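These numbers come from a predicted model, not from an experiment. Just so you know, these numbers use all the heavy atoms, side chains as well, and skip hydrogens, waters and symmetry mates.
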Amino acid sequence: VGHRQLAAWVASGDALRRQVRVTAFSFADERVTIVGILNVTPDSFSDGGSFLDVDTAVAHGLRLFADGAHLVDIGGESTRPGAAQVTVAAELARVVPVVAALSERGVPVSIDSRRPEVAAAAVQAGACVINDVGGLRDPAMVAVAVAAQVPVIVMHTPSADLTDTHRYAGYRDVVRDVGAFLADQVRLARRAGVSEVVIDPGFGFGKSVDDNINVLRGLGALTVLGCPVLVGASRKRFVGAISGVAEASERDAASIAVHIRAVVNGATALRVHDVAGHVQALAAWAATGEPPPRSG
């Protein structure tokens, strides 16, 4: 996907929509949406290198879906601190075959990327959601989302530059600052005509352990924006810090605890590694006490 083809697509929404074969997806129904993580990268912080082979990645995506994921989120560029940036061509080569294969098998797929060229190609291959880790700062990404008419997840980071996203931003009031950024991006997206906007406060991105805890406690302040709220704390460093678990792959139990708290505080979608564990935890919570909001 080159700049010329991308420009042609975004110049006419019909041009892009005629080329896609996606099934409509929405975060607005009455459930906690479980988004399964599928990293087709060599260097992601938890599972880097595990799913580089297309067949292995597709098999894992099918497993996540069978375990109860409503959406499988495919990313081809690591956002961990210090990760090497990849070219657009390399990212496309990693994600498009996996998106296409899972979509053909009836699995709803999102594309986790900050690049409009990658998002457009993934939508053409069957992705039904764009997960923009750049926070919808790129006008071309807005144009792709409008042309495709698919939901967009807008994540907060201090910067769209991946080399700077983990720089501590020194917030005076992290909940207020994150909320202000997301409010601006929601207004921008709605004015442009994005079909559905989901907000993600960006746990771990430019935030200290205390910042992450404060954002978790203050999620209710973000719900006033009228958008589904997605939380992705799975296996992250701050989860390890508060639980005392050093190894990322061993943080699933702590991640579930943080995510249950997030749902209680207003989250309506969770981006997770351990899909089966989260599905079981939400079911047990609902059966034994006050159900989480929008559970089902």
Side-chain angles (χ1 to χ4, degrees), residues 32-39 41 43-51 60 64 67-69 71-73 75 77-83 112 131 133 153 155-158 162 165-169 171 174-175 177-178 182 198-222 228-285 292-293 295:
V32 175
T33 303
I34 301 295
V35 181
I37 298 169
L38 177 51
N39 292 316
T41 59
D43 54 353
S44 290
F45 77 95
S46 173
D47 53 6
S50 298
F51 308 113
H60 187 63
L64 293 172
D67 284 345
L71 186 70
V72 174
D73 190 43
E77 182 179 38
S78 174
T79 56
R80 68 169 178 81
D112 175 5
N131 181 9
V133 297
I153 301 167
M155 190 180 80
H156 171 270
T157 62
L162 279 187
T165 54
H166 293 278
R167 174 185 54 82
Y168 176 55
Y171 307 97
V174 66
V175 176
D177 293 348
V178 169
L182 292 173
V198 179
I199 56 174
D200 176 353
F203 283 91
F205 287 85
K207 301 172 183 72
S208 67
V209 172
D210 286 344
D211 286 334
N212 286 302
I213 293 171
N214 287 331
V215 171
L216 182 64
R217 290 172 174 166
L219 282 179
L222 302 181
V229 177
L230 180 143
V231 166
S234 186
R235 298 182 181 175
K236 289 191 174 176
R237 185 178 301 176
F238 94 93
V239 174
I242 63 177
S243 64
V245 180
E247 186 64 38
S249 62
E250 297 177 3
R251 296 173 186 161
D252 286 337
S255 299
I256 290 171
V258 169
H259 282 155
I260 290 288
R261 174 56 62 188
V263 171
V264 171
N265 289 355
T268 53
L270 302 173
R271 184 176 179 273
V272 310
H273 293 88
D274 178 15
V275 169
H278 280 80
V279 169
Q280 292 169 16
L282 286 168
W285 182 276
S295 66

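- Residues Pro158 and Gly206 come closest through the heavy atom pair CG-CA, 3.7 Å.
- Residues meeting the side-chain hydrogen bond (donor to acceptor under 3.5 Å, both in side chains) test with Asp252, sequence neighbours left out: Arg235.
- Between Ile256 and Ala281, the shortest heavy-atom contact is CG2-CB, 3.5 Å.
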Note to self: Determine whether Tyr171 and Asn214 satisfy the following criterion, side chain to side chain contact (heavy atoms under 4.5 Å, CB included), listing intermediate values before the conclusion.
What the structure shows: CA-CA 11 Å; Tyr171 307 97; Asn214 287 331; over 6 Å; no
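- The minimum heavy-atom distance between Val245 and Glu250, with the atom names listed, is CG1-O, 3.6 Å.
- Looking only at distances, a side-chain donor or acceptor of Thr268 sits under 3.5 Å from a matching main-chain atom of Val229.
- Side-chain contact between Pro228 and Thr33 is absent, with no heavy-atom pair separated by less than 4.5 Å.
- In this structure a side-chain-to-backbone donor-acceptor pair under 3.5 Å is present from Arg251 to Ala246.
- The shortest side-chain heavy-atom distance between Val133 and Phe205 does not fall under the 4.5 Å cut-off.
- Looking at every heavy atom in both residues, Val215 comes nearest to Val175 through CA-CG2, 4.0 Å.
- Heavy-atom minimum distance, Ser243 versus Val239: OG-O, 2.7 Å.
- Counting heavy atoms from C-beta outward, Val258 and Ile242 have side chains that approach closer than 4.5 Å.
- Remark: the backbone N or O of Ser208 is paired with a side-chain donor or acceptor of Asp211 at under 3.5 angstrom.
- The backbone N or O of Phe203 lies less than 3.5 Å from no partner atom in the side chain of Asn212, so there is not a single donor-acceptor pair.
- Annotation: the span from Asp177 atom CG to Lys207 atom NZ amounts to 10.0 Å, rounded to 0.5 Å.
- Using cut-offs of 30° and 60° for the angle between ring planes, the His259 and His278 rings count as tilted.
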When you look at Asp274 and Ser255, which way does the side chain to side chain contact (heavy atoms under 4.5 Å, CB included) test go after all the steps?
CA-CA 9 Å; Asp274 178 15; Ser255 299; over 6 Å; no
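- Looking at heavy atoms from C-beta onward, Pro201 lies in side-chain contact with Leu219 at the 4.5 angstrom threshold.
- A salt bridge does not link Asp200 to Arg271: none of the charged side-chain nitrogens sits closer than 4.0 Å to a carboxylate oxygen.
- Here the straight-line distance linking atom CG of Leu71 with atom CG of Asn131 works out to 8.5 Å at 0.5 Å rounding.
- Distance check, rounded to the nearest 0.5 Å: CG of Asn265 to CD1 of Ile260 gives 11.5 Å.
- A distance of 13.0 Å separates CD1 of Ile34 from CG of Asp73, quoted to the nearest 0.5 Å.
- The closest side-chain heavy-atom distance from Leu270 to Val231 is below 4.5 Å.
- Across Leu222 and Ile199, no two heavy atoms sit closer than the pair O-CD1, 3.6 Å.
- Remark: His273 NE2 to Leu38 CG distance equals 10.0 Å, nearest 0.5 Å.
- Ile153 CD1 to Asp112 CG: the interatomic distance, rounded to the nearest 0.5 Å, is 8.0 Å.
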